[in-house]
Amino acid sequence: MIKHLFFGCLALALSLTAQADNEYKEISRLRSMNRMVYGIRSMADGEHYTVIEQGNIVRYTYSAKSPGEKLLPETSPRITISDYSFSPDEQRILIASGRSPIYRHSYTTAYHLFEGGRIHEALPGAQAPRDASFSPDGHKIVYSDHNDLYIRDLNSASTLRVTDDGEWNSVINGTTDWVYEEEFGITRAYAFSPDSRRLAYLRFDESRVPLMEMMRYDGKLYNKSFTFKYPKAGERNSVVELWVYDLQTGQKHRIETGPEEDQYIPRIGFTPDGRLWFHRLNRRQNSFEMVLNEPNGAQRIIYKEGAQQYVERIDDQTVTFIDKDRFLVRQESFTGYMHLYMYSIRRGLMAQVTKGRWEVTRVVGTDGKRVWYLSTETSPLRRNLYSVQLDGKDKRRLTQGEGYYSIAPSRGMKYYISTFSNATTPNRVEICNGEGESVRLLTDNAALSRELQSTGRPVKEFFTFTTPRGDTLNAYMIKPRDFSPSKRYPVLMTQYSGPGSQQVVDRWSMDWEDALVDHGYIVVCADGRGTGFRGEQFKKITYGRLGALETEDQLATARHLATLPYVDSSRIGIYGWSFGGFMALSSAFKGLGLFKMAIAVAPVTSWRFYDTIYTEIYNDLPRYNAKGYDENSPLHFARMFDDKKTRLLIIHGTADDNVHFQNSAEMARQLNHHGKQYDMMIYPDQNHSMMPDDTSNVRQKMIDYTLEHL
């Protein structure tokens, strides 16, 4: 009897695993059918664009359907095109072929140059080049190699070494350190003047940044450690300097960036008339300045912003130059909502371009008279394209669909490629002119739409609810195909919950959770306090208590769901990845048995373990806010975990350079110390995304675990 029961359970488990495996493959297949246009590059005339297709760069016309023109000769050496860029006169193409990853965004590659009808090696002698680009005159290529900057002169076929002190884990010239790359989203840290005579670059001295060691196994007999500089909250950052190299004289000099050494310089560049500028942000990230360098060496602040908690993270959208005098700023500190403001270098603030209880999410482009932007004006869950004059007059809504738009503009905003979807509609990609009029359809994914409709694929249903504290939260729910309000269903809550993030959006998507819906589960997601696009107050209320209010809201969501007549209150689970993993642990521990199951993937378990820029902007420095770090850490609440009521799975990759495996190791230490039982899945040598080998495996594991334990 016991023997038969064992094999019966084994057969059932294998059956469930095989079924789930097939369903995840089905989810992946449907996702792959949702086509869009990738790698769009507008050409200088604003009438043509290029994409990568079948190993070639193909040019198309915006205004008319055509088979496309292949720009690289078929007889050229076969190379894998990872990225490409045109010279300003578009007579040359710089091609990155293949990539050897360093961190999330950075990689070394082989560069090839297409010119005169042939392809040849672009940077002879370079060992591990990266971040290469053309000079504005198109006659030179600047690139980094082993932390030093080089300039390749295409006319003389000679290479000039700009810096010579670059060294791994010590000095970086012209590219960024780990934390700038991850949090400011840049790897290239140099800029040419418009006349190509000066090269400005950042120099990172990371010699005093603490060293992180990450073990690599790689299937070898003896494992090795990979060491890199990683500044954790409260620790030393790189000392960053701004330098300018004069290509005519061969001289370089350091630009004064202020008396404070412990600060950030998130962006550098030149105005259209050749004046150097840089952004300056203090360590606590609540004071932001844009500094302009005049030709006579004088400096002046042309824009300044301060905030009680923090200035929203600086990126390429923060400041947009229109001409040699005017620039647009996107900021939220004035009104509490992210809007556009017109500034003059000479006269200061000229106009508030947009206004209202909604937010500008992206500056799409400008033609010098109008600006095109995406915003949440119709709903925080949606994005639509608008244009308005730079004085704030004559605003026009250009997209009419109720859902989520992303926009790829042409040069000068003559045209744009629009990608639209909503909860029930896969991507619809079309070309429109600058007035929003449709020119032609590229794809509507009709085959996918027909299949989704014929199979009755469940879709997101959006709803709001009010927590016991009086906060209204946005959420969505996905119900099984055969849903009946008279039945009771298990629920998996999926969430991320990080500051300024958004998971509840009216956009078509599918992921591993959808496989559970086919097994009779309800999937729910709620954006709690601290998430974005509902104004500064809603977002910044979590400042200094990272994880406290966010966890309260996920617990409130679970309790709200438990009151619904069709929810089985004894079978509610929660899942999250990264910040979401931190939240899954916090919710499971503080929930005191509210959740039957929790899955935490690559979780932060103490914000003391995470990097300076991200952590300190939302939680202040540890020396000023120790309680905010320690009292909300899952490590602090491990003793409260009710392992008799909640089944816990922790998943982590050992080569995660972002959220270090240290987080899960210390979590395991605390759980062990308090005698708690839990499950753990380790992925050797995988990064934060479980790539390149285990992207599917980790999702399959979560499906199986949920089916077994929820």
Side-chain angles (χ1 to χ4, degrees), residues 82-83 94 96 98-111 122-135 140-153 158-192 198-214 216 224-231 235-247 250-255 257 261 263-268 278 611-613 657-658:
S82 302
D83 198 6
L94 181 62
R99 60 173 65 196
S100 298
I102 304 172
Y103 301 121
R104 188 195 296 259
H105 306 292
S106 55
Y107 61 92
T108 60
T109 184
Y111 285 100
L123 306 173
Q127 299 177 27
R130 53 175 291 198
D131 293 285
S133 67
F134 285 108
S135 60
K140 304 171 187 67
I141 296 173
V142 61
Y143 65 95
S144 171
D145 191 352
H146 288 90
N147 290 6
D148 276 318
L149 273 179
Y150 296 81
I151 298 175
R152 176 72 176 176
D153 190 307
S158 60
T159 300
L160 174 69
R161 185 169 185 168
V162 177
T163 66
D164 58 8
D165 59 346
E167 182 181 350
W168 179 256
N169 285 338
S170 181
V171 173
I172 308 170
N173 293 288
T175 55
T176 54
D177 66 359
W178 187 96
V179 72
Y180 268 59
E181 172 180 335
E182 177 66 27
E183 305 303 350
F184 289 137
I186 56 170
T187 61
R188 184 181 300 167
Y190 65 80
F192 260 113
R198 290 171 293 156
L199 179 67
Y201 63 92
L202 295 180
R203 179 184 184 274
F204 291 78
D205 182 348
E206 58 177 0
S207 58
R208 294 186 294 172
V209 176
L211 193 68
M212 188 70 195
E213 293 195 20
M214 185 171 65
R216 297 284 313 190
K224 294 183 178 180
S225 64
F226 173 76
T227 61
F228 61 106
K229 294 302 185 84
Y230 184 107
E235 299 296 322
R236 288 183 181 271
N237 276 316
S238 295
V239 176
V240 183
E241 298 173 342
L242 175 57
W243 287 74
V244 173
Y245 176 77
D246 190 310
L247 275 71
Q251 301 297 311
K252 54 190 174 191
H253 66 280
R254 188 169 72 86
I255 302 297
T257 56
E261 181 182 276
Q263 63 180 6
Y264 301 109
I265 306 177
R267 294 293 189 274
I268 61 173
F278 63 90
D611 75 59
T612 50
I613 293 176
D657 61 277
N658 185 0

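The chain is numbered in sequence order, starting from 1.
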Measuring from atom [atom1] of [X] to atom [atom2] of [Y], what distance do you get when rounded to the nearest 0.5 angstrom?
{"X": "N173", "Y": "W243", "atom1": "CG", "atom2": "CH2", "value": "9.5 Å"}
{"X": "Q251", "Y": "R198", "atom1": "CD", "atom2": "CZ", "value": "15.0 Å"}
{"X": "L247", "Y": "I151", "atom1": "CG", "atom2": "CD1", "value": "4.0 Å"}
{"X": "T175", "Y": "L149", "atom1": "OG1", "atom2": "CG", "value": "7.5 Å"}
{"X": "D177", "Y": "E206", "atom1": "CG", "atom2": "CD", "value": "6.0 Å"}

Side-chain donor or acceptor of [X] paired with backbone N/O of [Y] under 3.5 Å:
{"X": "K229", "Y": "N169", "answer": "yes"}
{"X": "Q263", "Y": "T257", "answer": "yes"}
{"X": "S82", "Y": "G98", "answer": "yes"}
{"X": "T108", "Y": "A128", "answer": "no"}
{"X": "S170", "Y": "E167", "answer": "no"}
{"X": "D611", "Y": "V179", "answer": "no"}

Are any non-hydrogen side-chain atoms of [X] and [Y] less than 4.5 angstrom apart?
{"X": "K140", "Y": "R152", "result": "no"}
{"X": "D153", "Y": "L160", "result": "no"}
{"X": "S100", "Y": "Y107", "result": "no"}
{"X": "N658", "Y": "E182", "result": "yes"}
{"X": "L199", "Y": "V244", "result": "no"}
{"X": "T109", "Y": "P129", "result": "no"}

Self-check item: Criterion side chain to side chain donor-acceptor pair (under 3.5 Å) against R203, the qualifying member of D165, N147, T163
Solution: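 Testing R203 for a side chain to side chain donor-acceptor pair (under 3.5 Å) against D165, N147, T163 leaves exactly one candidate, D165.
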Practice problem: Return the set of residues passing ring pair (Phe, Tyr, Trp, His ring centres under 6.0 Å) with Y230 (not counting sequence neighbours), or none when no residue passes. | Solution: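 By the ring pair (Phe, Tyr, Trp, His ring centres under 6.0 Å) rule, Y230 matches W178, H660.
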Practice problem: Return the set of residues passing side chain to side chain donor-acceptor pair (under 3.5 Å) with Y264 (not counting sequence neighbours), or none when no residue passes. | Solution: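 Here the qualifying residues are N237.
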Practice problem: Quick one: do K252 and E241 satisfy salt bridge (charged side-chain N to carboxylate O under 4.0 Å, His left out)? Show the steps, please. | Solution: CA-CA 12 Å; K252 54 190 174 191; E241 298 173 342; over 6 Å; no
Contact summary for [X] and [Y], nearest pair of heavy atoms:
{"X": "A132", "Y": "Y111", "answer": "N-OH, 3.1 Å"}
{"X": "I268", "Y": "A189", "answer": "CD1-O, 3.9 Å"}
{"X": "L242", "Y": "A200", "answer": "CD1-CB, 4.4 Å"}
{"X": "F228", "Y": "M214", "answer": "CE2-CB, 4.1 Å"}
{"X": "Y190", "Y": "G174", "answer": "CD2-O, 3.5 Å"}

So, [X] versus [Y]: side-chain donor-acceptor pair below 3.5 Å or not?
{"X": "E181", "Y": "T176", "value": "no"}
{"X": "D205", "Y": "S238", "value": "no"}
{"X": "D131", "Y": "T187", "value": "yes"}

Practice problem: Applying ring-ring contact (aromatic ring centres under 6.0 Å, His included), run through Y180 and F204 and close with a yes or a no. | Solution: CA-CA 10 Å; Y180 268 59; F204 291 78; 4.8 Å; yes
Quiz prompt | Exceeds 12 heavy-atom contacts within 6.0 angstrom, atom CZ of R236 | solution =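 Check fails, neighbour count at 12 or below.
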Self-check item: Non-neighbouring partners of R188 that pass salt bridge (Lys or Arg N to Asp or Glu O under 4.0 Å), sequence neighbours left out
Solution: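 R188 satisfies salt bridge (Lys or Arg N to Asp or Glu O under 4.0 Å) with no residue once adjacent residues are dropped.
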Quiz item: Can R130 and D145 be counted as an ion pair, charged N to O under 4.0 angstrom?
Solution: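 So R130 does not pair with D145 through a salt bridge.
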Exercise. Measure the acute angle between the ring planes of F226 and W168, then classify it against the limits of 30° and 60° as parallel, tilted or perpendicular.
Key: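 The rings of F226 and W168 sit tilted, inter-plane angle from 30° to 60°.
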Quiz item: For L123 and Y143, what are the C-alpha separation, side-chain angles and deciding distance, and is it a side-chain contact (heavy atoms from CB on, under 4.5 Å)?
Solution: CA-CA 9 Å; L123 306 173; Y143 65 95; 3.6 Å; yes
